[in-house]
*Asks:* 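First the structure, which I've put down as structure tokens, then a few questions once you've had a look.
Values reported hereafter were calculated over all heavy atoms of this structure, with side chains retained and with hydrogens, waters and symmetry mates removed. Keep in mind that this is a model prediction, so the values were computed, not measured.
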Amino acid sequence: MKAKSIALSFSERCRNILAANWESQLNTIKADSMGSKNEIHTSKIHYMIHKNRPYLLIPEGDLHNTNTIIDERGSVSVCSKIPGPLMNLLRSLKKLPARVALTGDVMPVKDKKVQAVTDKLMESIISENKISTKFSHSVSSILNSAGPTCKSRSETLHSILSQTGYYNLYKFDIGSCTYIDGTGAAHDVEIEELEAPKSDLLLPFSGKLIDGTNQSQTRRRALMLFCFEYFNALARDALMLSIDHKGFDVLAKVPETMNSEVPQQYSWKEFRFNFKQEAKDIEAFCHMLVELEEEALMHVKSYSGLG
């Protein structure tokens with residue numbers, strides 16, 4: 001494992017969130033025949049990235065379709081994928097999921113280009129779905145452990161893209177980007193520094209991978225072992241918080257002090273683990289997790305006299 005102090009840049013965090021999710025909150029300015037009212041209409045929509053640009057799938061009948069005729073300005077908010085019991089824990093801690101806030105212009109895709117763009121988006125989803133049928137047993141076992149409501153991107157978007165008559169396709173021209181962390185602190189990211197998500201074989205499955213890990217007591221004990229081995233932290237519980245190509249973040253319940261003479265108070269703390277090299281896909285990510293666990297077990301055995 002690499003040095004523990006290495007952290008992702010804000011632009012990398014934005015890229016990861018945009019690549020892992022496909023749901024967002026779109027905000028546009030309410031409008032009528034007299035022009036903008038300066039009131040905001042908000043609704044949940046789906047999106048995909050194609051040629052470095054977000055494409056928005058807005059349902060027929062949504063007010064966004066009317067609003068953007070009068071005023072194309074809009075903003076998009078995309079949260080980290082936080083599945084299953086993890087969201088309940090964050091709420092109890094009064095923490096919010098990290099998110100990306102984009103402002104820009106919501107522009108309709110020209111009629112003659114709609115089918116071509118839709119076909120490209122569908123090709124990406126079909127390819128992603130085919131790859132998922134060829135996962136190794138070890139990867140499939142984790143994904144299958146995820147809760148029934150936890151879906152991958154391909155599972156969700158395939159049906160949506162098949163119903164093109166029910167959605168209008170827009171492109172979103174980004175004007176600004178802000179990364180907002182779990183405490184609510186905002187960090188501006190220069191547009192030229194914003195790395196656009198590319199074809200990805202890890203992050204679209206991140207929700208199911210995180211939930212599949214957290215639903216297993218055995219896998220959670222492995223996370224507790226990582227905390228002990230690499231941070232000397234005696235965790236009573238641990239959950240996978242996020243993943244990316246460079247590593248993963250863990251939320252662990254650890255003692256507030258190291259004083260064994262007083263009753264211990266425990267609190268939840270984040271720990272970052274970096275791989276020795278980037279994981280190109282979900283198979284490589286899971287393989288590196290296994291290697292990390294084996295490495296940690298070897299260290300424990302070596303100084304415990306069991307090796």
Side-chain angles (χ1 to χ4, degrees), residues 9-81 96-118 120-121 124 153 156-157 160-161 163-198:
S9 68
F10 293 127
S11 61
E12 287 177 317
R13 297 178 194 187
C14 289
R15 188 201 76 85
N16 292 337
I17 291 174
L18 292 173
N21 213 332
W22 55 89
E23 295 178 327
S24 68
Q25 292 286 341
L26 173 63
N27 308 292
T28 57
I29 300 171
K30 289 184 179 179
D32 59 15
S33 59
M34 301 301 293
S36 299
K37 292 181 176 180
N38 292 323
E39 297 177 4
I40 302 300
H41 169 60
T42 301
S43 68
K44 185 170 74 172
I45 64 159
H46 295 89
Y47 74 90
M48 281 189 68
I49 307 293
H50 176 59
K51 290 187 175 179
N52 300 337
R53 174 181 286 157
Y55 281 84
L56 314 179
L57 296 160
I58 301 179
E60 281 279 2
D62 195 304
L63 285 177
H64 293 308
N65 295 291
T66 302
N67 295 343
T68 54
I69 294 174
I70 306 298
D71 192 330
E72 69 274 11
R73 291 176 297 170
S75 64
V76 173
S77 176
V78 182
C79 288
S80 298
K81 293 297 291 181
L96 297 171
R99 61 195 187 278
V100 178
L102 305 172
T103 64
D105 295 332
V106 183
M107 308 295 293
V109 176
K110 294 179 180 179
D111 290 344
K112 62 182 180 181
K113 292 186 177 181
V114 168
Q115 191 59 53
V117 174
T118 301
K120 288 295 183 181
L121 298 179
S124 176
R153 183 176 71 169
T156 304
L157 290 184
I160 292 174
L161 289 171
Q163 304 175 52
T164 52
Y166 296 95
Y167 294 85
N168 291 318
L169 187 63
Y170 292 79
K171 58 184 178 180
F172 188 76
D173 293 332
I174 301 174
S176 71
C177 175
T178 303
Y179 173 79
I180 303 172
D181 64 28
T183 67
H187 310 272
D188 291 336
V189 175
E190 296 294 332
I191 299 300
E192 53 268 23
E193 295 178 3
L194 183 61
E195 302 176 29
K198 301 174 183 178

*Asks:* Roughly how far, to the nearest 0.5 Å, is CG of Leu26 from OG1 of Thr68?
*Replies:*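 The OG1 atom of Thr68 sits 8.5 Å away from the CG atom of Leu26.
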*Asks:* Begin with the C-alpha distance, continue with both residues' side-chain angles, and end with the deciding distance and a verdict on side-chain hydrogen bond (donor to acceptor under 3.5 Å, both in side chains) for His41 and Asp62.
*Replies:* CA-CA 10 Å; His41 169 60; Asp62 195 304; 2.8 Å; yes
*Asks:* Which distance, rounded to the nearest 0.5 Å, do you find between the CD1 of Ile58 and the OH of Tyr47?
*Replies:*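 One gets 14.5 Å once the value is rounded to the nearest 0.5 Å.
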*Asks:* Ser124 vs Arg153, test: side chain to side chain contact (heavy atoms under 4.5 Å, CB included). Steps then yes/no.
*Replies:* CA-CA 11 Å; Ser124 176; Arg153 183 176 71 169; 4.1 Å; yes
*Asks:* So, do Cys177 and Val100 sit near enough that their side-chain heavy atoms are less than 4.5 Å apart?
*Replies:*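 They are in contact (side-chain heavy atoms under 4.5 Å apart), so the answer is yes.
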*Asks:* Does a side-chain heavy-atom distance below 4.5 Å link Ile40 with Thr28?
*Replies:* no
*Asks:* Look only at the side chain of His50 and the backbone of Lys120, and say whether a donor-acceptor pair between them is shorter than 3.5 Å.
*Replies:*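 Not confirmed, His50 side chain does not pair with Lys120 backbone.
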*Asks:* Do Tyr170 and Asn65 have side-chain heavy atoms sitting under 4.5 Å apart?
*Replies:*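 SC-SC contact between Tyr170 and Asn65 confirmed.
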*Asks:* Find out whether Pro54 and Leu18 are in side-chain contact, i.e. whether some heavy atom of one side chain is under 4.5 Å from a heavy atom of the other.
*Replies:*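 Counting from C-beta outward, Pro54 and Leu18 never come under 4.5 Å.
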*Asks:* To the closest 0.5 Å, what do you measure between NZ (Lys113) and NZ (Lys171)?
*Replies:* 6.5 Å
*Asks:* Using modelled atom types and a 3.5 Å cut-off, is there a donor and acceptor pairing between side-chain atoms of Asn27 and backbone atoms of Thr42?
*Replies:* no
*Asks:* Could you tell me the separation between the OG atom of Ser24 and the CG atom of Leu56, rounded to the nearest 0.5 Å?
*Replies:* 6.5 Å
*Asks:* Check whether any side-chain heavy atom of Ile29 sits under 4.5 Å from a side-chain heavy atom of Ile70, and report yes or no.
*Replies:*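 No, their side chains stay 4.5 Å or more apart.
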*Asks:* Would you find a donor on one side and an acceptor on the other, under 3.5 Å apart, between the side chain of Asp173 and the backbone of Arg53?
*Replies:* no
*Asks:* Please report the interatomic distance CD(Gln115) to OG1(Thr118), rounded to the nearest 0.5 Å.
*Replies:* 5.5 Å
*Asks:* Would you mind reporting whether Tyr179 and Ile17 have side-chain heavy atoms less than 4.5 Å apart?
*Replies:*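 They are in side-chain contact.
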*Asks:* The test is side chain to side chain contact (heavy atoms under 4.5 Å, CB included); show your working for Trp22 and Ile160 and say whether it passes.
*Replies:* CA-CA 11 Å; Trp22 55 89; Ile160 292 174; over 6 Å; no
*Asks:* Taking all non-hydrogen atoms of both residues into account, name the closest pair between Gly74 and Val106 and its distance.
*Replies:*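 Smallest interatomic distance, heavy atoms only, reads CA-CG2, 4.2 Å.
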*Asks:* Is there a side-chain contact between His46 and Thr156 in this structure, where contact means two heavy atoms from C-beta onward sitting under 4.5 Å apart?
*Replies:* yes
*Asks:* Hey, mind stepping through Leu57 and Leu161 against side chain to side chain contact (heavy atoms under 4.5 Å, CB included) and telling me if it holds?
*Replies:* CA-CA 9 Å; Leu57 296 160; Leu161 289 171; 4.0 Å; yes
*Asks:* Give me the atom names and distance for the closest heavy-atom approach of Asn21 to Cys79.
*Replies:* ND2-O, 2.7 Å
*Asks:* About how many Å separate CD1 of Ile180 and CG of Leu96, when rounded to the nearest 0.5 Å?
*Replies:* 9.5 Å
*Asks:* For the backbone of Met107 and the side chain of Asp105, can you confirm whether one donor and one acceptor N or O come within less than 3.5 Å of each other?
*Replies:*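 Side chain of Asp105 to backbone of Met107: no pair is present.
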*Asks:* Heavy-atom distance under 4.5 Å between the side chains of Phe10 and Glu190, does that happen here?
*Replies:* no
*Asks:* Identify the heavy atoms of Ile191 and Ser176 that sit nearest to each other, and give their distance.
*Replies:*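 Closest approach of Ile191 to Ser176: CD1-CA, 3.6 Å.
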*Asks:* Grab the two heavy atoms, one from Lys81 and one from Ala20, that are nearest each other, plus how far apart they are.
*Replies:* CG-O, 3.6 Å
*Asks:* Mind listing the closest non-hydrogen atom pair of Lys30 and Asn67 along with its distance?
*Replies:*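 Heavy atoms only, the tightest pair is CA-OD1, 3.5 Å.
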*Asks:* Heavy atoms only: give me the nearest Ser11-Glu193 pair and the separation to one decimal.
*Replies:* CB-O, 3.1 Å
